[in-house]
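Below is one structure, written out as C-alpha cells, with a few remarks after it.
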Amino acid sequence: MLQLVHDIAPGAQLGFASAFNGELQFAENILALRSQFHADVIVDDVFYFDEPMYSDGIVAQAVDDASQAGAAYFSSAGNNGLEAFEDTYRPFSFARAQALVASGHGNVHLEQIPAAIRPRTVHNFNNAEGSASITQRISTDGENVLSFQWDEAFFLGLVKTDFNIYVFDKDGNWMDPASPAFPGFYTTDNNLLTDEPFEFIDLIPFATDIVGGANVTDYQLVIGKVNDGPARHIKYIVLNGLAVSERQNSPSTFGHATAAGARGVAATYYAIPQFPEDFSSPGPVTIYLDTAGNRLEEPQVRFTPQLTAADGVDTTFFGF
C-alpha cells in the first residue's frame, strides 16, 4: 500500500505500523501514527473477526480519536458482499420448536443437542409466505468463517445473553463441533463468562460432497438462546468467503471501517465508478450502544461506505 502511495505522491512522508498484534496494539498504533508520526492520512486493509457489529470497539474508538485529531482515516469496507443475515430475535420455546419439527416443518434432530448447551428458545426465521421455520440453510463452497454477534457490549461486564448457533447436516443430524466426523468447527461459549457477544463458526465441505468437480455442502443453522438474556438483534456475516444462506442480503460491513470518523472503502468497476462490485460489503450499519455499553435512546444509522455520484452528490448506497 505504501508503494502505491509513493507512486501517486512520491514526495509524501510515509510511515507504517503493524495491525497484526491484536486489537489493542492495532488501536495504539493508529493513535501513534497520528500523535507521534503526525500522519495526515491513515489507511488500512485489516479487520478482526470479533470487532463489534452493534457498537464501537477499541479499534473504532482509536479511529475516531485520530480523526478528531485531524487525520483522514480510510479502511476497507470488506469483501463480504451480501452474504450476511440480520434479524430481530423471535423466540420459540424449545418444546414448541420440537413440536414444529414433529409436525413436518423441518428435519433437524434437536434432541441430539447435549443438555449442557441446549437452548431454552430458538429463533423463528419465518418463511417468505409467513410460515414458521427454525432453520436456515447455508451452502459452503470451501472453508468459510462466520462471525455471529448480538446487541450487547464487549468486555465491559455487560453481557447478559448467551446465544449459540447450532450446525446440522442436510439430513438433520447435529454436528458436534468436537467430533472428528465433522470437518468444520464452531464455538458454544458461555458468553457471560467470555464477556463477548460473539460466536465463531468455521464451515468446511464434506469431502464426499464433490459432484462434477464442485465441493459444496449444505448445512442447516439453528440459532438458540441458552438463557433469558435481553439481547434482541442478531447478525452473522460470512467473512471474505462464499457461503450462500437461504435468507441473506443484509449489510455486511462492520467494525472500525464503520466508525463515525472513518471512510469505508469499497470496490467499483473502473469503467462505471458509480457501480459497486458485488463482492464489496454494503451498509448501512446500525449502532445500538455507546462506548460505555449503554443503549442509545435512538439507534445511530451510519450510511457507510458511501458512493459519490458523477454529479458530486453523495448517495446513501455503498462503494467509494
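The neighbour count for Gln3 CD, taken as heavy atoms of other residues, nucleotides or ligands under 6.0 Å away, does not exceed 12. By the neighbour-count criterion of 12 heavy atoms within 6.0 Å, atom CZ of Arg295 is densely surrounded, having more than that number from other residues, nucleotides or ligands. Within a 6.0 Å sphere centred on CZ of Arg118, other residues, nucleotides and ligands contribute more than 12 heavy atoms. Residue-environment remark: CZ (Arg302) exceeds the threshold of 12 foreign heavy atoms within 6.0 Å. Within a 6.0 Å radius of CD in Glu129, other residues, nucleotides and ligands contribute more than 12 heavy atoms.
Annotation for Ala231 and Phe163: closest pair CB-CE1, 4.0 Å, computed over non-hydrogen atoms. The two residues Leu289 and Ala153 have their closest heavy-atom pair at CD1-N, 3.5 Å. The two residues Ala84 and Pro251 come nearest to each other via the heavy atoms CB-O, 3.7 Å. Closest non-hydrogen pair, Ala259 versus Asp56, comes out as CA-OD1, 4.2 Å. Closest of all the heavy-atom pairs between Thr121 and Pro91 is CB-CB, 3.8 Å. Taking all atoms of both residues into account, the shortest heavy-atom contact from Arg90 to Asn126 is NE-ND2, 3.4 Å.
For His256 and Phe26, the ring centers are positioned less than 6.0 Å apart.
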Subject >> Pair Gln300-Leu296, side chain to side chain contact (heavy atoms under 4.5 Å, CB included): steps then yes or no >> reply: CA-CA 8 Å; Gln300 186 179 113; Leu296 299 170; 4.3 Å; yes
**OP:** Show your reasoning for whether side chain to side chain contact (heavy atoms under 4.5 Å, CB included) applies to Leu158 and Glu152.
**Re:** CA-CA 7 Å; Leu158 298 175; Glu152 289 184 316; over 6 Å; no
Original post:
So Val59 and Ile30, side chain to side chain contact (heavy atoms under 4.5 Å, CB included) or not? Walk me through it.
Top reply: CA-CA 8 Å; Val59 181; Ile30 289 170; 3.9 Å; yes
**OP:** Before giving the answer on side-chain hydrogen bond (donor to acceptor under 3.5 Å, both in side chains), spell out for Thr194 and Glu196 the whole-Å C-alpha distance, their side-chain angles and the decisive distance to 0.1 Å.
**Re:** CA-CA 5 Å; Thr194 65; Glu196 279 191 291; 5.0 Å; no
Original post:
Passes ring-ring contact (aromatic ring centres under 6.0 Å, His included), Phe85 versus Phe125? Steps please.
Top reply: CA-CA 10 Å; Phe85 171 80; Phe125 287 94; 5.4 Å; yes
**OP:** Please lay out, stage by stage, how Ile134 and Phe92 fare under the test side chain to side chain contact (heavy atoms under 4.5 Å, CB included).
**Re:** CA-CA 8 Å; Ile134 62 166; Phe92 276 170; 3.9 Å; yes
**OP:** Take Phe49 and Phe200 through the ring-ring contact (aromatic ring centres under 6.0 Å, His included) test and state the conclusion after the steps.
**Re:** CA-CA 8 Å; Phe49 293 170; Phe200 174 85; 5.7 Å; yes
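Linking ILVMFWY side-chain heavy atoms closer than 4.5 Å, directly or via other members, places Val226 and Val222 in a single hydrophobic cluster. Hydrophobic clustering (ILVMFWY, side-chain heavy atoms < 4.5 Å, transitive): Ile138 and Phe206 are in one cluster. Hydrophobic cluster membership differs between Phe74 and Val63, with clusters built from Ile, Leu, Val, Met, Phe, Trp and Tyr side chains linked at under 4.5 angstrom. No continuous path of hydrophobic side-chain contacts links Phe254 to Phe148 [ILVMFWY only; heavy atoms under 4.5 Å]. Cluster membership for Val265 and Val285, using ILVMFWY side-chain heavy atoms within less than 4.5 angstrom, is not shared.
At least one side-chain heavy atom of Phe94 sits less than 4.5 Å from a side-chain heavy atom of Pro119. In this structure, the side chains of Leu203 and Leu146 come closer than 4.5 Å at one or more pairs of heavy atoms. Using a 4.5 Å heavy-atom threshold, the side chains of Glu199 and Trp150 count as touching. Looking at heavy atoms from C-beta onward, Thr268 lies out of side-chain contact with Glu277 at the 4.5 angstrom threshold. In this structure, the side chains of Asp7 and Val5 stay at 4.5 Å or more apart for every pair of heavy atoms. Using a 4.5 Å heavy-atom cutoff, the side chains of Arg34 and Asp40 are in contact. Looking only at side-chain heavy atoms (C-beta outward), Gln149 and Phe154 come within less than 4.5 Å of each other. Side-chain contact between Phe47 and Ser76 is absent, with no heavy atoms from C-beta onward closer than 4.5 Å.
Atom CG of residue Leu192 and atom CG of residue Asp162 lie 6.0 Å apart, to the nearest 0.5 angstrom. Rounding to the nearest 0.5 Å gives a distance of 10.0 Å between CD of Glu246 and CG of Leu221. Note that OH of Tyr219 and CG of Asn144 are 10.5 Å apart. Values are rounded to the nearest 0.5 Å. Between Ser252 atom OG and Leu239 atom CG the span is 9.0 Å, to the nearest 0.5 Å. With values rounded to the nearest 0.5 angstrom, Asp290 atom CG is found 9.0 Å from Ser55 atom OG. Taking OG of Ser147 as the start and CD1 of Ile201 as the end, the distance is 7.5 Å to the nearest 0.5 Å.
Between the side chain of Thr253 and the main chain of Gly283, no donor-acceptor pair closer than 3.5 Å is present. Between the side chain of Asn191 and the main chain of Phe198, a donor-acceptor pair closer than 3.5 Å is present. No donor-acceptor pair under 3.5 Å is formed between the side chain of Ser245 and the backbone N or O of Gln248. Side chain of Ser103 to main chain of Leu100: a donor-acceptor pair is present (N/O by atom type, distance under 3.5 Å, no hydrogens or angles). Checked by atom type and distance alone, the side chain of Arg247 never pairs as donor or acceptor with a backbone atom of Glu86 at under 3.5 Å. At distances below 3.5 Å, not a single donor-acceptor pair connects side-chain atoms of Asn124 with backbone N or O atoms of Ala132. In this structure a side-chain-to-backbone donor-acceptor pair under 3.5 Å is present from Gln220 to Asp169. Not one N or O on the side chain of Asn164 forms a donor-acceptor pair closer than 3.5 Å with the backbone of Tyr166. Between the side chain of Glu51 and the backbone N or O of Tyr48, at least one donor-acceptor pair lies under 3.5 Å. Remark: side-chain polar atoms of Asp87 are not paired, donor with acceptor, to backbone N or O of Tyr89 under 3.5 angstrom.
Between the side chains of Asp64 and Tyr73, no donor-acceptor pair is found at a separation under 3.5 Å. Of the N and O atoms on the side chains of Glu83 and Tyr236, not one donor lies less than 3.5 Å from an acceptor on the other residue. Residues Thr291 and Gln61 have side chains that never bring a donor and an acceptor to within less than 3.5 angstrom of each other.
Ring pair His233/Tyr54 is tilted by interplanar angle, where 30° to 60° counts as tilted.
The pair Lys160-Asp195 does not meet the salt-bridge criterion, since no charged nitrogen lies less than 4.0 angstrom from a carboxylate oxygen. Note on Arg120 versus Asp228: salt bridge recorded, some NZ/NE/NH1/NH2 to OD/OE distance being below 4.0 Å.
When Ile223, Ile165, Asp151, Thr88 are each tested for a side chain to side chain contact (heavy atoms under 4.5 Å, CB included) with Ile234, only one passes: Ile223.
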